[in-house]
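Below: one structure, written as structure tokens.
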Amino acid sequence: MSISHAPPHPSSPDISPKTGSDPELETGPEPEPELELEALVPSSTRRARVPRWLRRTSGPLALLALWQVLSATGALAGDVLASPGTVARVAGDLIENGSLQNAMGVSLQRVALGLLFGTVVGTTLALVSGLFRIGEDLVDASVQMLRTVPFVGLIPLFIIWFGIGEAPKIAIITLGVSFPLYLNVYAGIRGVDAQLIEAGESLGLSRWGLVRHVILPGALPGAMTGLRYSLGISWLALVFAEQVNADAGLGFLMVQARDFLRTDVIVVCLVVYAFLGLTADFVVRTLERLLLQWRPTFTGR
């Protein structure tokens, strides 16, 4: 009797076709459930955000409310500063009799002329000084010297030179507008990357082509910044200019109100100055967004 140590043969699988109905074979494997992808939302957008216009107006509204409370409680006397209600009533009276509209028209005309002349003068000097070394040697030192002189201090000379009409008022605004534009346009021209100049020269651009396609677009952001500064200074210069024997304009209304201790009229004129300045700045910022679409910048979060 012999004993075999070989392992028993495994039973061969049954490969014969099944005649019975097997639901797994008929329908196949069950499909796996689809995974739903959830979009990732930045944490800054998950919070309930306050509308931007509401945030921008909250500061002035808070100051206005504080002003009204101080006036109503007597902490702020009416002869020191009129209440918001009094200012609004006086503004309505000035609008009704047409005084405010006429004064705004005269002041806007002076600012427009001074801004036009100042833009031409400042930009021209900046181009001459920024594009040419000999222009820089001839122009920049003189402009930098005049820039340090307060333009308000030149009012007596302007009165002697131009009289007491509209000319000295427009000259004051022109002088105040020219320097910010000159500085920013000049800095914009000299701030253009030298590698861009070399790239333009390697592409065969002429000198005028470099100025038109490389230098001027590169200096445009600085020019827009200078224009915004110039607009702010133009309203400041207008206040001083309209103190020079003016017979019309917002400054003339303020001088009359000062003589009669009318703080309500003075506040109305100051509010109009602020409104006109904000409107002009909004126009320049809109123009800046249109002209500088090629330059994406950080806008805050």
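Numbers here are sequence positions counted from 1.
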Hey, does [Y] have a side-chain heavy atom less than 4.5 Å from the side chain of [X]?
X    : Y    : value
N184 : L227 : no
L210 : I197 : yes
V177 : I233 : no
L250 : L100 : yes
M224 : L220 : yes
F275 : L278 : no

Whether the side chain of S107 engages the backbone of M104 through a donor-acceptor N/O pair (distance < 3.5 Å, no angle test) should be reported.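 Here the side-chain-to-backbone pair does not exist.
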Would you mind writing out the side-chain donor-acceptor pairs for residues 68-77 within the sub-3.5 Å range, not counting sequence neighbours?
| unit_1 | atom_1 | unit_2 | atom_2 | d |
| --- | --- | --- | --- | --- |
| S71 | OG | W67 | O | 3.0 |
| T73 | OG1 | V69 | O | 2.8 |
| T73 | OG1 | L70 | O | 3.2 |

Side chains of residues 152-165: which donor-acceptor pairs under 3.5 Å do they make with residues two or more places apart or in other chains?
none

What pairs with D264 under salt bridge (Lys or Arg N to Asp or Glu O under 4.0 Å), at least two apart in sequence or on another chain?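 Here the qualifying residues are R262.
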Please check if [X] and [Y] belong to a single hydrophobic cluster, counting links between Ile, Leu, Val, Met, Phe, Trp and Tyr side chain heavy atoms closer than 4.5 Å.
X    : Y    : result
V90  : L270 : yes
L81  : L66  : yes
I170 : I173 : no
Y229 : L146 : no
V87  : F260 : no

Heavy-atom pair with the smallest gap, counting every atom of [X] and [Y]:
X    : Y    : answer
G218 : P221 : O-CD, 3.4 Å
A257 : I266 : CB-CG1, 3.6 Å
L253 : S99  : CD1-O, 4.3 Å

Can you sort out the partners of F179 under ring pair (Phe, Tyr, Trp, His ring centres under 6.0 Å), two or more places apart, ordered by chain and number?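 Testing F179 for ring pair (Phe, Tyr, Trp, His ring centres under 6.0 Å), a comparison that skips the adjacent residues, returns none.
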Would you list the pairs meeting side-chain hydrogen bond (donor to acceptor under 3.5 Å, both in side chains) in which at least one residue belongs to residues 164-182, sequence neighbours left out?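 Of all non-adjacent pairs touching residues 164-182, those that pass side-chain hydrogen bond (donor to acceptor under 3.5 Å, both in side chains) are R110-E166, S129-Y182, D140-Y182.
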Measure the [atom1]-[atom2] distance between [X] and [Y] for me, rounded to the nearest 0.5 Å.
X    : Y    : atom1 : atom2 : answer
C269 : Q256 : SG    : CD    : 10.0 Å
L231 : R228 : CG    : CZ    : 9.5 Å
T225 : E288 : OG1   : CD    : 5.5 Å
Y273 : M254 : OH    : CE    : 6.0 Å
L127 : F132 : CG    : CZ    : 8.5 Å
L138 : R133 : CG    : CZ    : 14.5 Å

Pair L183-Y186, side-chain contact (heavy atoms from CB on, under 4.5 Å): steps then yes or no: CA-CA 5 Å; L183 292 176; Y186 173 80; 6.0 Å; no
More than 12 foreign heavy atoms under 6.0 Å from CG of L290: is that the case here?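 Yes, the 6.0 Å shell around CG holds more than 12 heavy atoms from other groups.
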Does a sphere of radius 6.0 Å around CD in Q144 hold more than 12 heavy atoms from other residues, nucleotides or ligands, not counting ones at 6.0 Å or beyond?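 Yes, the 6.0 Å shell around CD holds more than 12 heavy atoms from other groups.
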Apply side-chain contact (heavy atoms from CB on, under 4.5 Å) to residues L94 and Q101 and explain how you reach the verdict. CA-CA 8 Å; L94 292 175; Q101 295 91 314; over 6 Å; no
Kindly list each side-chain donor-acceptor pair under 3.5 angstrom involving residues 111-125, sequence neighbours excluded, with atom names and distances?
| unit_1 | atom_1 | unit_2 | atom_2 | d |
| --- | --- | --- | --- | --- |
| T119 | OG1 | L115 | O | 2.6 |
| T123 | OG1 | T119 | O | 2.7 |
| T124 | OG1 | V120 | O | 2.6 |

